[in-house]
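This is a predicted model, so every value here is computed, not measured.
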Amino acid sequence: MTAPSYAPLPFAEVAMTGRFWRERLDTVLTRTIPSQHAKLKEVGILDSLKLPQPVPPLTIPRNKHNFTTQIFWDSDVGKWIEAASYALSHRRDAEVEARIDAIVDDLARAQSPDGYLNCWYNGREPGQRWTNLRDNHELYNAGHLLEGAIAYYRATGRRRLLEAMERYMDHVAATFGRGAGQKRGYDGHQEIELALVKLFRLTGDRRRLDLAAYFIDERGREPHYFTQEAIARGEDPAAFWAGTYEYNQSHLPVRQQTKMVGHAVRAMYMAAAMADLALLNADAGLKRACEALWRDVVTAQIYVTGGLGPKESNEGFTEPFDLPNETAYAETCASVALVFWAQRMLHLDLDGAYADVMERALFNGALSGLSRGGMHYFYANPLESRGQHRRWAWHVCPCCTMNVARLVASVGGYFLSTSENAVAIHLYGGFAASPTVAGQRIAIRETSDYPWSGDIRIAVDPETPTEFALKLRVPGWAQSATATLNGQPIALATERGYATIMREWRAGDVVTLALPMPPERLYAHANVRMDAGRVALRRGPLIYCVEEADNPSAPPHRLTLPRAAPLTAEPVDLFGGVTMIQAPAKVLVAGDGEPLYATAPPRSRDATLAAIPYFLWANREPGSMQVWIAEAVEPV
C-alpha cells in the first residue's frame, strides 16, 4: 500500500470565523471549560492528584462488579487539560494556564521515580499496578494524560507535563512487549495507541509508533492475556462480568475482525488507531481490516444521527439493524470517537463517504451531547423521549463532558487537509487558514453561514501565482451542486465526493459553491423494525427532530406526516437564529371516554408539524421528542 499524501491542517492553524462554530467555540471557552474545572474540584478529582494521606474513603462506591469509576479520574484530568489547551490556542488565558500548571505540579509530585504515573495506584494500591489491565484503565488514563500534555505543549510551548509523560511512556515501553521479562499485555479500554501516535507525530520518535503498533497487534492473541491475568489474580476468567471479550474487542486479533462489537467507544478508539497505523506504516492488512469494520458499521449499526451503540448494559453494539429509539444509548463519546475514526479513514483514502459520516456525527450525535449554554450534557443521546431525558450538570462517569469539549475546541482540525500539491476542504462553516502548498503559502478564506445555508465563498490568495489542485467536498446529500470561478460558471466533475479545480491560482481568485439544502425525508432500511412506517427529516448536514415545545397541540407520537405533505424550511428567531422545518400534518385525537381498542381508526385533525435540529433538543422545558415520525401515506 502506498501511503496517501494528505494530512490534516492542525487545528491551531485554522481560525473559525463563521457564526455557527464561533458561537460554539466561545461557549466552550467562556463557560464549558471553567465550569468543568470547578466540577473537577467540587467532586474531589483535583484533590486526588495530591495523593492525600491517610487515604480518604471512596467518593464513588464500588458497584456490583467491584468497580468504581473513581479509578479513571486521571483520564478526566487529562481530557480537561487537552480541551483547555485547545482553547488556549484560540485565545491565551492566564487563569486557565495557571490552573493547568497547578495540576502539572501535583502530577509531577505524584509520579514515581521509575516514571509510573497513576494517582489511584500511587495513592491507594501501590503494590497492585499492572495487575488488571482488563478492567482498571491504567493505559487508558496514561493515554489521556499524554494527549493533554501534547496539547498543552503545542498551545504554550511548556514541556514539563510532556517530559513527565515521556518518562511514563519509557516505563510503559519497558513493561510491555515481546521481550524477555516483559508483559504481553494491552489496554482493556483502548486509548493509549492514539496518544502514542500523536507523540510520534510531535517528536518523530519511532519507538512511540512501534509501541502503539505492538498494543494493536498483540490484542486478542492466544494465550489470551486477560485470561492469564485473571488467573494470576486468583479469579475465574469465566466470571468476567461482561461475559465475553467482544466487550473490549479482544476476542480476535484485530486483523481478523470484520464485525464491530462490544463497547462502542473502545471500538472507535481502536479503529481510529488502526487507521493511523495503516497510514503511517503503509500497512495494507490494517487498512483492509479498517475497511471491513467500516462497512459493518455504516451498513447496519449507525443511527441516522451518527450515534453508535443501542444498548446500555455494554454501552455498545448488539446485532445488525438493532437501532431502538427511546432506549438508544448512542453515547456522546462514541459519536466523538466516530469523528476521530472517520477523519483518519478520510486520510487513508480521500473519499467523501468518510467525510459524510464525519460531518453527520459531528453536527448531530456529538453536538447533541453539549447544551447550548455549555454547562449541561447528555451521556446517552436517544432519538425519542417522553420527557424523561434531561441534561445533567455532571455525571458519575464524566467522560463525555470533556470529550465533547475537546472536539469543539479543536474542530478547525477537521476542516481541511493538504498534500504537496493540493488542498482538500472537507467541511464548511467559515474559516481562515494559510497552508503551505507547492512550496508557497496560500491564504484561504471560506465564508458561509453553513450549516444554515449552502452558499459558500472561497477566496484563494497565494503569495505568488501557484499551480495546485483545490479539492472541494460535495456532500452526498447535496444534489445539483453548482460552482463558479471568478464569477464564471464551471463544471463540477466529482470523484469520490470531491470536485477538483486544478489551475495556476493568483491573488484575488474566488470560487463559489452552491450546495442546495432543501428539507427532505429519510427512510430506514426495511430491517430496522423500530422505524417501519416512520420518516426522519434532514436539511443539509442536520438531522431534525419534533419536540413538544414547538408542537404544543399534541405529543409528537400523535403527529403523522403525510407522504405528500410539502416540507418548508424557514429561519426562525430561536436559539440565536436557526432554520426550522415545517409541514402540514395530522394529529391523532385522543378523546375522553374512547375505548382502548376499537374497530375504527382514531380520529385526526389538521396540524402543522415543526421540527428543529436534533443537536438542539432538550434545551428548553421538559417535553417529549421524536426523530422518527409516523408517516401517513394518504395525501394531505
Side-chain angles (χ1 to χ4, degrees), residues 6-26 89-90 339 343 346-347 350 352 355-356 358-360 362-363 367 407-419 422-438 440-463 466 468-478 481-490 492 494 497-503 505-517 540-542 577 579:
Y6 285 93
L9 198 65
F11 74 93
E13 298 178 23
V14 182
M16 304 308 301
T17 59
R19 72 175 176 114
F20 183 89
W21 286 111
R22 275 307 332 166
E23 188 270 340
R24 290 287 77 201
L25 273 172
D26 289 344
S89 295
H90 295 285
V339 173
Q343 185 203 35
L346 185 59
H347 289 99
L350 192 67
D356 286 350
M358 179 175 73
E359 182 178 67
R360 190 193 338 172
L362 174 63
F363 277 99
L367 274 189
L407 176 64
V408 172
S410 63
V411 72
Y414 297 89
F415 271 67
L416 67 162
S417 302
T418 61
S419 70
V423 176
I425 299 179
H426 315 302
L427 300 174
Y428 306 101
F431 69 82
S434 297
T436 298
V437 182
Q440 297 294 323
R441 191 172 178 85
I442 312 294
I444 297 177
R445 186 173 185 89
E446 183 260 313
T447 306
S448 66
D449 198 23
Y450 197 90
W452 311 119
S453 169
D455 294 329
I456 294 157
R457 181 182 189 275
I458 301 169
V460 181
D461 288 295
E463 291 179 322
T466 306
F468 65 92
L470 179 66
K471 292 180 173 287
L472 304 178
R473 171 174 163 257
V474 178
W477 49 260
T482 59
T484 69
L485 173 61
N486 296 330
Q488 299 300 312
I490 57 173
L492 270 186
T494 61
Y498 285 82
T500 300
I501 306 174
M502 183 72 186
R503 70 190 301 268
W505 297 89
R506 296 174 177 272
D509 283 344
V510 173
V511 175
T512 66
L513 180 66
L515 303 175
M517 284 188 177
L542 300 177
T579 298

Do Trp505 and Gln440 have side-chain N/O donor and acceptor atoms under 3.5 Å apart? no
CZ on Arg503 to CG on Asp509, rounded to 0.5 Å: 4.5 Å
Kindly say whether Ser434 contributes a backbone atom to a donor-acceptor pair with the side chain of Glu13 at under 3.5 angstrom? no
Ala499 and Leu492 have their tightest heavy-atom pair at CB-CD2, 3.4 Å
Is it true that atom CZ of Arg441 has more than 12 heavy atoms of other residues, nucleotides or ligands lying nearer than 6.0 Å? no
Flag side-chain contact, heavy atom, 4.5 Å: Arg24 against Val411: no
With a 4.0 Å cut-off on N to O distance, would you call Asp356 and Arg360 a salt bridge? no
Hey, are the side chains of Tyr414 and Leu407 touching, using non-hydrogen atoms and a 4.5 Å cut-off? yes
Are the ring centres of Phe363 and Trp21 closer than 6.0 Å? yes
Just wondering, do Leu416 and Val423 contact through their side chains at under 4.5 Å, heavy atoms? yes
What pair of heavy atoms forms the shortest contact from Tyr498 to Ala424, and how long is it? CE2-CB, 4.5 Å
Are side-chain heavy atoms of Val511 and Ile456 found at a separation under 4.5 Å? no
How close do Pro475 and Tyr450 get, counting heavy atoms only, and between which atoms? CG-OH, 4.3 Å
Rounded to the nearest 0.5 Å, what separates atom CG in Leu9 from atom NE2 in His426? 9.5 Å
Using atom types as modelled and distance alone, determine if a side-chain donor or acceptor of Asp455 lies under 3.5 Å from a backbone N or O of Ala514. no
Thr579 OG1 to Asp449 CG distance, which is reported to the nearest 0.5 Å: 8.0 Å
To the nearest 0.5 Å, atom CD1 of Ile442 lies from atom OG1 of Thr466 at 4.5 Å
Do any N or O atoms from the side chain of Asp26 and from the backbone of Glu23 form a donor-acceptor pair under 3.5 angstrom? no
Interatomic distance, CD1@Ile490 vs OG1@Thr484, rounded to 0.5 Å, equals 7.0 Å
Using every non-hydrogen atom in the two residues, find where Met16 and Gly412 come nearest and quote the distance to one decimal. SD-CA, 3.7 Å
What closest approach, in Å, do Tyr6 and His347 show between heavy atoms, and which atom pair accounts for it? O-CD2, 3.6 Å
Please evaluate residues Leu427 and Met358 with respect to the criterion side chain to side chain contact (heavy atoms under 4.5 Å, CB included), reporting the C-alpha separation (whole Å), side-chain torsions for both, the decisive distance (0.1 Å), and the verdict. CA-CA 9 Å; Leu427 300 174; Met358 179 175 73; 4.1 Å; yes
pair Pro435-Ile444: side-chain heavy atoms closer than 4.5 Å: yes
Using a 3.5 Å distance criterion without hydrogens, assess whether the side chain of Gln343 forms a donor-acceptor pair with backbone atoms of Pro8. no
For residues Val460 and Phe468, report the shortest heavy-atom separation together with the two atoms involved. CG1-CZ, 3.9 Å
Trp452 side, atom CH2; Met517 side, atom CE - distance, nearest 0.5 Å: 9.5 Å
Thr17 side-chain N/O to Phe431 backbone N/O, donor-acceptor pair under 3.5 Å: yes
